[in-house]
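Here's the structure we're looking at; comments come further down.
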There are 2 protein chains.
Amino acid sequence: MSYDPSAFPPFAVTVDLVVLTVRRHALCALAVRRGESPFQGRWALPGGFVRADEDLAQAAARELAEETGLHAHDASVPVQDNGAHLEQLATYGDPKRDPRMRVVSVAHLALAPDLPAPRAGGDASNARWAPVEELLQQGGYGREDEPMAPLAFDHAQILADGVERARSKIEYSSLATAFCPPEFTVGELRRVYEAVWGVALDPRNFHRKVTGTPGFLVPTGGTTTRQGGRPAQLFRAGGATLLNPPMLRPEV
Amino acid sequence: MSYDPSAFPPFAVTVDLVVLTVRRHALCALAVRRGESPFQGRWALPGGFVRADEDLAQAAARELAEETGLHAHDASVPVQDNGAHLEQLATYGDPKRDPRMRVVSVAHLALAPDLPAPRAGGDASNARWAPVEELLQQGGYGREDEPMAPLAFDHAQILADGVERARSKIEYSSLATAFCPPEFTVGELRRVYEAVWGVALDPRNFHRKVTGTPGFLVPTGGTTTRQGGRPAQLFRAGGATLLNPPMLRPEV
DNA sequence: ATCATAGTCGTCTGCCTGACGATAAACACT
DNA sequence: AGTGTTTATCGTCAGGCAGACGACTATGAT
């Protein structure tokens, strides 16, 4: 426990982001193409180095804004603008995870409503929303049938952990609303659950459940027809963050 | 995203440990007394620097062994010796959390059965099991009425996060068995839940619940009387890690 | 007008939970 | 030996919630 300098070898610390959204009924993650070695040309999660005077959450919020333009709202700020939810996911520090040097990466999870096309330094061809199954299956094919190699570094593991966190967290928290615009219908919220869990849910039981959970949804009074069919009531996310009772993910 | 060396200031990376156990019906955490500045003489969580060739989990397991003699079993090793459960908790990286230099600490959570006295470099007076409420309440009093200052650094926050993780995780996982010896009775397991949650549970409903949850408990055939009263069946932890249905923490 | 689509309200049944009575098997007394 | 105390274990019962599913409503498309 002495502070002999040889006792604490220098590390580089980065933040990596698992940014999830729901597009066209599929859970998608933001991927950027690497412009340099190692893993040049491969897809990776967005991220970057933590600056000397920066908190980890600040660094993650900064990277998120740089990559997507999203303004993250911390848990401390209850503002419900169209910012994204951002939370720490886990930290990855295998000595060999980066071949160049010792890098410890603090991964963060961001949940965002469906967004316009991403931007990565202004170059749209180097950033894309991709369905998570596509990014996680090895040897799959990406957009335009270009052969897709696995994600760079240990990013496949990080993405898998982030997806699993999101899947379990929408069970007992109101986080699914982070995938929705400020006002949304019960049907849109249901399609979020269906996309994230990859299951079909009974619209009638789902409606009863979410409208019956105190603090989950607050009706705004308005109605809308967005998908054809009977107009639906519009809701806003209620103040509750923990759902009681929780939403139950169907067995297998 | 360039690798200009000025872009990645050097960090020190440490692991801190929240080691929890249940002693005398109370949830206790391991605390060590700091021998040097800053916070000299104050209580802190055990921890230390990650070595150059070490994974984060390895570093945490090494520190745990050094402080307690416990042999941590990773999630990958299903062995149920009297090792402790060890998992990553969260990472703390406020630029000012250590006044000397930029330190990022990857906190880990360990759950252990009741143990003999702790050792901290062979000096027992510099390590103790303390009830978590005692460590978390500011200005409380420690053993032998010595006035107790708050934990060093941001360790009160880390401990609070670890306790909250343990409280919620025993709801939906079989982790409560990590607080028990290899063989235990339903009553002992119930007292673990009562200590961690700080509530009283109905023995009859608890017995029905845990014996009815598939994969949670496996009877060993033996019986024991450890607290007086009728002998109880002995159980071993079953293979299930996720409880379905979960244990429900009583409302406030 | 008719159909397709989506939303909303009800009903019914089975399961789980919490509250709690009753019995069983040990120990500590007298 | 008998009595009380403690802990373990089994049962019962009522209330609530979830899944399955029928019925009705309100819009747009043809």
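Here is the naming used below: chain letters follow the sequence lines, and residue numbers restart at 1 for every chain. The structure presented is a predicted model; accordingly, all values stated were derived computationally and were not measured.
Contact annotation: B:Lys209 reaches the phosphate of C:dT17 (side-chain N/O to OP1 or OP2, under 4.0 Å). Taking side-chain N and O atoms only, B:Arg190 has a distance below 4.0 Å to OP1 or OP2 of D:dA8. Between B:His207 and D:dA8, a side-chain N or O to OP1/OP2 separation shorter than 4.0 Å is absent. For D:dA8, one of the phosphate oxygens OP1 or OP2 lies less than 4.0 angstrom from a side-chain nitrogen or oxygen of B:Arg191.
Nearest-nucleotide positions on DNA chain C for A:Gln233 and A:Gly229 put A:Gly229 closer to the 5' end.
Ranking D:dT9, D:dT7, C:dT8 by closeness to the B:Gln227 side chain, first place goes to D:dT7. Distance from the side chain of B:Arg230 is smallest for D:dA8 among the nucleotides D:dC21, D:dA8, D:dT27. Checking D:dG19, C:dT17, D:dG11 against every side-chain atom of A:Asn205, the shortest atom distance belongs to D:dG19. For A:Pro245, counting side-chain heavy atoms from C-beta on, the closest listed nucleotide (C:dC20, D:dT9, D:dA18) is D:dA18. Relative to the side chain of B:Arg208, the nucleotides C:dT17, D:dT27, C:dG7 differ in distance, and C:dT17 lies closest.
Across B:Leu234 and B:Glu183, no two heavy atoms sit closer than the pair CD1-OE1, 3.4 Å.
A 4.5 Å side-chain heavy-atom check between A:Leu45 and A:Leu17 finds every atom pair outside the cut-off.
Look at CG on A:Leu201: it is 15 Å from P on C:dA6, rounded to the nearest Å.
Under the 6.0 Å distance and 45° angle rule, A:Arg128 counts as a cation-pi partner of A:Trp43.
Inspection of the A:His85 and A:Glu87 side chains reveals an N or O donor paired with an N or O acceptor under 3.5 Å.
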